[in-house]
Amino acid sequence: MKAHLGVLLESALASVTAGRPLDVPPAPQVDATKDPRFGDFQTNLALMLAKPLGLPPRKVAEALVAALPPSDRVAKVDIAGPGFINFHLAPAAFQAVVPDILAAEARYGRDDSGGRGRIMVEFVSANPTGPMHVGHGRNAAYGDTVANLLEAAGWRVWREYYINDAGRQTDVLTVSVWLRYLQRCGVALAFPKRAYPADYIRVTADRLYDEVGANAFRVAGIDELPTEEVAAEGADDAEKNRVKLSQEAHIDRWITLGREGLGADYERIRHAALTDQLAAIRATLAAFSVRFDQWTSEADLVARGAVDKALKRLGEQGLTYTRDGAVWMKSEAFGDEKDRVLIKADGAATYYCNDLAYHVDKLDRDWPRLLDVWGADHHGYIARVRAAIEALTGRNDALDVQLIQFVTLSSGRMGKRSGNFVTLKELIDEAGADATRFFYLMRGHEQHLEFDVDLAKSRSTDNPVYYVQYAHARLCSVFAQLAESGAVYDRATGLAHLARLDNEHEKRLLTALARFPDVIASAAQDLAPHRMAFYLKDELADAFHSYYNAHKFLVDDAALQAARLALCEATRLVLGNGLALLGVSAPERM
RNA sequence: GCCCCGGUAGCUCAGUGGAUAGAGCGAAUGCCUCCUAAGCAUUAGGCCGCAGGUUCGAUUCCUGCUCGGGGCACCA
């Protein structure tokens, strides 16, 4: 419809400006009005033309309206305010959306061509060192929904999870399990302050104990480790930080002891720990309707030489150098604040080095556009990854990073420190996957989110996800009621009498239905899935519930009933399509 | 100090340079002999953080200030 009005305006523009060429002919902007009193669509074209033409805006508007070609879809055009041109559409223009929807069904609003190009979306990528928390849940809901929207907007999408299963954190995980195992065997040792203390570590330790018995994984030298420092009461920040570093060094001694003393058993423990954590993550994400095309392991990436390959390429292009025993990347030359270390003085690759190689690998797999979804705390990291990509490919537009701002929980349930750590699994178990996903998607991702756990849990009128789902269930119920009464809905009859859909409630609902393709396109374009959530709730479901209360659908007038049921069928389809994009179920009964 | 995000109704938040800034919750009042009341209708509630600038027009774009959150490793 917008396009149609745009064509009309282009024509009017051409005749009005005939003989007085403009330096920059403005492209007509047509928008839906916010207020029905201003018609259905508006354009500010006259306001934009006033200055270059040297005429008052209302004069320009009059000339444009006079030059508009006639259209059977436009009922009335008027001029209002400072010079807006308002279009009032003919009823048939609204009603035409119904056959479009009924013909397209699940494809309505979608562009499944994949013609926009190929894009890889990497999201979640939570470290397999523990359960996912509520922040990962927001990342998962966002990434998965953005991927859905991009697909619906014509992109070929690949979803990937990067498993950080190399590096020091997995050593800390391994040592944590090992020490819990030894404690289980009755070995008296002080569990390090900076190891992972939680119960999930014991689960893996107990599993290993069942497999290997009580006499494995023992090494000499445990008693010779120096005692760990503890921060004194009332220590200042500098002192606390010093103690923290010494505690990290203490863990490193355990790591060295384990690696050297356990040999292959160390790897066995590491593998067991990672397997358990990853299994838990996969299960939680599956319960959250989040799927991936591929799970890429950092350790595998290293093992198959992707890191060496990337380093070699950087070296050949003169993008690295050695200083203080470390290998550095010349990232400052590509927009980063400073150069970054790739290989530490101890010979180990940094996380950055491996991640850089991973991004190169993504591009090498022929995904020319990359979207990474990260927590906001990683924002300082963007410049260096982008720098590496630009250095190797010459492209500075290959990588888009979207940062997910922090999640806090209502009712003071947040935070590891308080001991009230709420995992994503607990949240899903308590509130349900549908409510949880919808709540995450109700906020812009750049907005700090306060997650109201009690509201998400409530199975009441207050819970916004039910508002949308209830609209769908009500529609299903209408058709169930119809079938029960033995009556038959004839779609062809309905389509033949769409002109009967002429009251204000029907017009509002038809308008909302017609906007669905625009919402997909704009939410995908701006990577803003919350727009779809708001559209479904505040426009579509809202228009339907009002309609439902104001009018009966199952009426004696057969033509009117059929027309209304056709509208109902279209609404049910669009609600279902929209909820599917959000990864929320569309129940037939509630 | 530098970088990122935010400041809109009592609370949680929408708002694609446009006209009288919206929704939910909370508060007040109505609506089920009728397709699901997990719903609908009505009322109350606002220097859109502050100050400049660009523009015919700024909650929206730019600059400065201010307040809040986060980040500035040879950690991941």
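Chain letters run A, B, ... following the sequence lines, proteins first, then strands; residues in each count from 1. In this text the structure is predicted, and so the values were computed from the model without any measurement.
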Has the side chain of A:His545 got a donor or acceptor that lies under 3.5 Å from a partner of the other kind on the base of B:C40? no
B:C65 and B:A41: how far apart are their P atoms, nearest whole angstrom? 47 Å
For B:G6, does the base pair up with any side-chain atom of A:His448 as donor and acceptor (N or O, under 3.5 Å, distance only)? no
Interatomic distance at P, B:A14 relative to B:U29, whole Å: 31 Å
Do A:Asn44 side-chain and B:G18 base share a donor-acceptor contact under 3.5 Å? yes
When the C1' atoms of B:A27 and B:C61 are considered, how many whole Å apart are they? 38 Å
Nearest heavy atom decides the nucleotide; on that basis, is A:His445 or A:Gln405 closer to the 5' end of RNA chain B? A:Gln405
The test is ring-ring contact (aromatic ring centres under 6.0 Å, His included); show your working for A:Tyr142 and A:Phe123 and say whether it passes. CA-CA 9 Å; A:Tyr142 175 83; A:Phe123 60 110; 8.9 Å; no
Judged by each residue's nearest nucleotide on RNA chain B, which is more toward the 5′ side, A:Arg531 or A:Asn549? A:Arg531
Any idea which heavy atoms bring A:Gly135 and A:Val407 closest together, and the distance? CA-CG2, 4.1 Å
Would you mind reading off the distance between A:Asp518 atom CG and B:G15 atom P, rounded to a whole angstrom? 16 Å
Could you check whether A:Arg515 makes a cation-pi contact with A:Tyr535, meaning its NZ or CZ is under 6.0 Å from the centre of the six-membered ring and within 45° of the ring axis? no
Please give the distance between the C1' atoms of B:U54 and B:C11 as a whole number of Å. 36 Å
Taking atom C1' in both B:C56 and B:A19, what distance in whole Å separates the two? 13 Å
Under-3.5 Å donor-acceptor pair between A:Asp171 side chain and B:A76 base: no
Does A:Glu506 come within less than 4.0 Å of A:Arg564, counting only side-chain N to carboxylate O? yes
Rounded to whole Å, how long is the line connecting atom NE2 of A:His378 with atom P of B:C72? 9 Å
May I ask whether A:Phe38 stacks on the base of B:A19, given the cut-offs of 5.5 Å between ring centres and 30° between planes? yes
Distance check, C1' atoms only: B:U59 and B:A51, in whole angstrom units. 16 Å
For A:His378 and A:Tyr381, take the angle between the two ring planes, folded into 0 to 90°, and tell me which bin it lands in: parallel under 30, tilted 30 to 60, perpendicular over 60. perpendicular
Whole-Å gap separating P (B:U20) and CD (A:Gln42): 13 Å
Tell me the interatomic distance from A:Phe438, atom CZ, to B:C13, atom C1', rounded to whole angstroms. 13 Å
Using a 90° cut-off around 0 for syn, call B:C4 syn or anti. anti
B:G24 to B:G1 separation - P atoms, rounded to the nearest Å: 43 Å
Given atom OH of A:Tyr381 and atom C1' of B:C5, what is their separation to the nearest angstrom? 21 Å
Can you check the A:Tyr358 OH to B:A76 C1' distance for me, whole Å? 16 Å
Please measure how far the C1' atom in B:C32 lies from the corresponding atom in B:A44, and state the result in whole Å. 26 Å
